[in-house]
Each structure stands twice: as structure tokens, then as C-alpha cells.
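In what follows, a structure is listed as C-alpha cells, so that the remarks can point back to it.
Keep in mind the model is a prediction, meaning the values are calculated, not measured.
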Protein chains: 2
Amino acid sequence: MTISMNERSRKILEAIVEDYIASAEPVGSKSVSCRHQMGLSPATVRNVMADLEGMGYLASPHASAGRIPTDKGYRFYVDTLLQLRPLKAEERERIERQYASSDRRIDEVLREAVKSLSRLSRYAGIVMAPRVEATVFRHIDFVPLAPGRVLVIFVSRSGEVQNKIIETGINLPAATLEQMTNYLNRVMNGLPLDTVREKLAAEMAQAKIEHDDLQQRVLALSGQALAGEDENARVYIEGTSNILDQPEFADVERMRQLYRVFEQKSQLVDLLDRSRRAHGIQIFIGNETSHSAIAGCSLVTATYETRQGTVGSLGVIGPSRMPYGQVIPIVDYTARIVSQLLEEEYQ
Amino acid sequence: MTISMNERSRKILEAIVEDYIASAEPVGSKSVSCRHQMGLSPATVRNVMADLEGMGYLASPHASAGRIPTDKGYRFYVDTLLQLRPLKAEERERIERQYASSDRRIDEVLREAVKSLSRLSRYAGIVMAPRVEATVFRHIDFVPLAPGRVLVIFVSRSGEVQNKIIETGINLPAATLEQMTNYLNRVMNGLPLDTVREKLAAEMAQAKIEHDDLQQRVLALSGQALAGEDENARVYIEGTSNILDQPEFADVERMRQLYRVFEQKSQLVDLLDRSRRAHGIQIFIGNETSHSAIAGCSLVTATYETRQGTVGSLGVIGPSRMPYGQVIPIVDYTARIVSQLLEEEYQ
DNA sequence: TTTGGCACTCGACCGGGGTGAGTGCTACGG
DNA sequence: CCGTAGCACTCACCCCGGTCGAGTGCCAAA
């Protein structure tokens, strides 16, 4: 009994993973030895499979079924066996076409991206917008809606618009607002948001010394409007019902769990955020996510970026039994396209 | 065999509907005659039930199960038998508290509403925002992002913000943009959106005569920015996973269908739009919706309105086997609160 | 008109035998 | 020593028949 991964064991593991991905059914020794004519008898294959099971790459659902890959098995497959199936030109074109109608506003682009991801992968697409903190100040505007109530609109350089209604308590004169608008737009333009915050704080201190109450108030408004949004709101999901077609989710209880996760989003935020910090393609398999509610699922993610260096992540979530070779290029290419579209903003 | 609905038949129908709502299981003659001590033997109840089945109010899933209400049965129940269970003070309070943190921006309010609906009803909440067409012009702003690319921001009087990036082709000078901003904000303020559109068209014609190409272009921009958004994007849904707890959705195929509907939204838009046109509480039961994909489901909807007279609708979607007496007051009260919050905008 | 009685229906549940895919073990041969 | 053939064994799955029980429909009596 060789407790090691020689060439033959790898080939067999590869065959099993691929068969299982294709069929969703436990694969037995015979089908491996037949379909992948490698001149080995079922009995030999069986011995190897027993070894692979011993090493934790395979598991048997029950005694007389075939084997299915474990998370560790998928991991090994993805890391060392997998060969990518690059996109055909027509597929690339199809992805690109998807964005033709979008007006390149970042949220529009991301919405198209999530649709495209789910359509192409036939799983659920997920996209996380870059954090507001990382954006650059472009424009601010105050629109008085009613006495004591002001709408503050903030525009980032990438064209993201954020707005908030703020109760001012007192009635701020339109002249003050306008003056402050001009001032802020002149001073803050092009600064990253955290710098803007610091400057605002400084200005407020200054205004306090000068006893300029109105100015101080308007500055406070701006600060409030720039407060980060709810993280969960920055996640787009689409195509969740695709996953329902997968045989592994015939069980209602699992679906229920999964949909809870989709609705809460916080676990997805966590994963996408982890992915964001590590650049490039990232793959989470099953329990590696350490979120037990999505056991049996994998995420394939990639990061995209804008010229400002702000970074978000996007990807696909589906069953671990996923054709990684196809999904990875889809995610990768989508991330590239998104980055490209968002960079064009400034050229 | 009396082919009519006398008092007794009604009582029995009521008992059956309520038992079924409570238990999700076909109800037999015995349980009716026992639990609702109305001094009738099971046999008598059976006779009545046979009549009710003949009239189409009940159906038997199979020969030796009890009866379950048909859509027609639910309809009769809702229209003539149902008694509402009004909300307790503490429940009303709980609803109101939900909105305490919201900044009363319309989309914020609606987002809270949809959460609250789903949490209270324990089904899925749905909310449709009023159509942009019905809003009133408050403010417009042009922010040049890059040469040939302008961000147009439009604010309605109720504080709704809509924005769009538009490729202008040529580089519009900042001065022209600013001038037009001031002009439009002065002229259009307070006009309903369709009037604004007409005026824009008129102005464009005028500009054309005067060969003022730049002006004409900016006006065109404004027109584009005011174009209505995608209808489907105006629907909020939340709490869909609540529905998965219902025993009638243990069947995966039905869930799948239902989730397709939630993802597409168009059928929901249709129903909410129907509801919007008819004021007040509206109830769609099962096939009455004429969308077969949501057979077995009911919608309870109500309209809300702003002072401007713009109207949207909100409600709850769940299985037809729904405690209407509880759900209706929830939906009704939520609609009132939303209307109230949106009216306060202008006081 | 209501009620008790009774035969009937039909799904749910249970247990058993057959089937077949797949395994582990062992013995044999290069 | 490694690969292979053979064989007994396991176990999910399917089909079958029987039982059970809830609920019905109908009829005759009160």
C-alpha cells in the first residue's frame, strides 16, 4: 500500500472528480477503469481508491456505492490537477456584449456583471461593490427638501452617487448651503474619502473656534452623508434559482439553509471581503469557508479594481461539484472586463 | 340537498378553512363536529361538506383524506366570513419603531417596510415604489466626470435621487452646464415630471431654431436622465425564505417555480400594479392572479400614497393557506405608516 | 332532517425478498 | 512485489403484499 500520490493515483483521482462533477453520482471502480482506458483493471483501481479514501481525498456515502470527492479531494483537484478550459472567442464576445447597454455607472456595471456571471456559470452570481471608504471625492450637493430637512448628495469620482436625508433641526439658509457647496467642491475635489473626513473634522474644529455655528452644522451634515453604507447592501446576488436545479439541493432543508444565507448576506460579505484582500482568483471549497450553512458549496471569486486602486470582488457560488475548469475562466474574464470598464471612466 | 349557503354551511366552511389554515392538513368531518361544538354529528357535517364540495368551495385531495378549501372557498371565507384580528397596541408600536432609524428617504422607508412586512407576517414582504413618472421635479445637477461623460442627478420633491451617466460625445463646457443647471432648477421646480418632459421638448425645439447646439444637447441630456427606470428594479422583496418553512413547499419543484417568480419579478410587478390602480386592501388568491406559477399562493396588498398623490403598493405573499385575519391588519397598518412617513416630508 | 351504522376506499406504513452496483479480501501469476 | 481475477459480502433501491386507520358515501332509523 503506497501512502503517496504517484502519477497513477492522481490520474484516478482526477477521473473520479471529473466523473462525479459530470454525473452527480458516486463513481465506482469499474466506470473509472472502463471509461478512462488506462489499462488498469477495476480491482487495481479499487486498491488505489481505498488508498485515496484513507488519505481523505474520497469518501463513500455508504458501503456499496462508489466514492465521491471530499473537500480535500476537490482542493487537490483544483490546485494540482485542474486544467482550465479557456473561453472561446464567441463566449468572450457574449460577455462583452452584455455591457454594451450599460451606462458604465459603477452600480450599473456591477449589476450587469452579476447577471452575466449567473447566466454563464448557471449558478448564482455574486458581486460586492468596493467600499465607499476607498472612493475619491468628486462632488457634493445640498438640496433643501423642507425646513429642517436637507438632502445631501455625494458623488465619487467613479460616478457613484450616495445620498442621505438629514434632519438638521434648524433651518439652514440656502445661501449658507450654496456657499458651503462651492467651498467643499473646490477644496475636497480629488481627495480620497478618509482624507476628506479628516479635513472635515479639522474644519469643524476651526468653525467652532470662530463660533460659526451654521458652517459647523453644514460640515457636520457632510460628515454624516459620507458615513459608510450598510455592508450588506453592497452585495448583489442573482441567479440563485439556478442552484435549485442541482440534484444535491433536492433536499428542502439544505435549500432552506442556503436561502437564509442569501438573504442575510453577511456570510457572503465575509467571504467576498476575504477574497478582496487577496488579489486574483480565489476558491473556497465547502467547509473551507468555515460557514457550515454553505457546506457542500464552493465559491469562485476574483477581484476587480478601478484605476483609483479601489477593489471589489465578484464570483460565483454553486455546489462544490462544479466544473471549475469552466467557471474559473468565466469569473476571471468577468473581473477583467469589469476592471476595464471601470478604468475607462478616466481615460 | 340544499344548494345554498345557509348559516350552518357557512359556519362549517369557516371551521374547515380555519382548521386547515392552522394545521395544513385536510380536515375531516369528525374534527369539525368535535372541535367546534355546534351540536352536529359527523354524519351531518359530512352531508354539508359534500354539498360544499359540489358547489366548489372544498376539494378532496383523495378519497379518504379530509377536505381542503379551494380558491373559491378561500375567496368566500375572506369576503364574507373572515373577522379581522386588529393589531394590539404593542404590535403597532413595534411596527412604528422599525422606522425610527430610517432617514425618511423614500427608498429607505420602503426598505424598512418590506423588512417589517416579512418579519411580522412571517411570509415574504413585497413593496413597489411609485412610478417615477408620478414624481415632482425638485432639482437637477450635472457633474462632468470626464471629457464627454456627464453624470446627471435628478432629485424629486420627495427626495428620491436618480442618476445616470451619459456619453455626450463632445465635451460640454462647465459654464454651459452650470448655466443650464440654474435655468432648469428655476423653471422646472415643482412641476410634475410629465410636464417637465413636455417643457423640455419645447425648449429643445426653441434651441434648435436658435441654433444653440450646446443648449440643445444639455436639454437632451436632461431628457435622457428623466427616462423611467426599469420597472422590475422598483420592486423590493424580502423574507422569501420564510415561505420555505411552510409545509406546502416541501416539494422542491414548487419552490423552484416560486423562486423563479421572485427573481424575474415581472409577475409581481404586474400584480402590484393592478393593486396600485385599485385603492385600499386587495387580495389575490391562488389562480385569481392568473399567473399559474404562483398557484397555491395568495397576495395581500394595500396602496400607500404621498401627498403628491403618487401611489405605490405593498403587501405580503404567502401560501393561500394564510391567516388572513392577522395578515390583513399588518399590511393595512404598514401602508398607513408608510403613507404617513412620506407625507411628513412636506409638513 | 338528523343521526347512527356500516361497508368501502385509498393513502401511509411496514416488512421481506430480489436485484445490482460496488466493495474488500484473498489467492494467483508475471 | 505489484497487478489481476475471483468471490463473498454489503447495502441501497425497488417492488410487492398486507395491515391499519382516517374518512367517506349511503342507507335506514329516529
Heavy-atom donor-acceptor pair, S275(A) side chain to L271(A) backbone, under 3.5 Å: no
Rounded interatomic separation in angstrom, taking CG from D51(A) and C1' from dT23(C): 14 Å
For L58(B) and dG25(D), what is the distance between atoms CG and P respectively, to the nearest whole Å? 11 Å
Answer yes when D79(A) and R75(A) have at least one side-chain N-carboxylate O distance shorter than 4.0 Å, and no when they do not. yes
Grab the NZ-C1' distance between K30(A) and dT23(C) for me, whole Å please. 12 Å
Does S41(B) put a side-chain nitrogen or oxygen below 4.0 Å from OP1 or OP2 of dT3(C)? yes
Test item: side-chain donor near acceptor, S9(A) and N6(A), under 3.5 Å: yes
Sequence-aligned protein contact record of nucleotides 24-30 of chain C, with B where the base is within under 4.0 Å of a protein heavy atom and S where only the sugar-phosphate is: B------
Any S29(A) side-chain nitrogen or oxygen under 4.0 Å from OP1 or OP2 of dT23(C): yes
Taking only the side-chain nitrogens and oxygens of S64(A), find out if one of them lies under 4.0 Å from OP1 or OP2 of dT23(C). no
Between Q282(A) and R274(A): side-chain donor-acceptor atoms closer than 3.5 Å: no
May I have the distance from H62(A) (atom NE2) to dC13(D) (atom C1'), rounded to whole angstrom? 9 Å
R119(B) backbone acceptor or donor facing N242(B) side chain under 3.5 Å: no
Can you check side chain to side chain donor-acceptor pair (under 3.5 Å) on Y259(B) and T240(B), steps first, answer last? CA-CA 8 Å; Y259(B) 267 97; T240(B) 55; 3.1 Å; yes
Separation of dG23(D) C1' from I68(B) CD1 (nearest whole Å): 15 Å
The side chain of L40(B) lies closest to which of these nucleotides: dG3(D), dT23(C), dT3(C)? dT3(C)
Between R260(A) and E263(A), is there a side-chain N and carboxylate O pair less than 4.0 Å apart? no
E248(B)/R254(B) ion pair, N-O < 4.0 Å: no
Numerically ordered, the residues 11-27 of chain B set in heavy-atom contact under 4.0 Å with DNA chain D is none
Should the pair E91(A)-R85(A) be classified as a salt bridge under the 4.0 Å nitrogen-to-oxygen rule? yes
Taking Y324(B) for its side chain and S320(B) for its backbone only, find out whether a donor-acceptor pair lies under 3.5 Å. yes
Exactly one of V48(B), V27(B), L13(B), L40(B) should register a side-chain contact (heavy atoms from CB on, under 4.5 Å) with V32(B). Which one does? V27(B)
Please, what dot-bracket string fits DNA chain C when only Watson-Crick and G-U pairs with both distances under 3.5 Å count, crossing ones use [ ] and pairs to another strand use |? ||||||||||||||||||||||||||||||
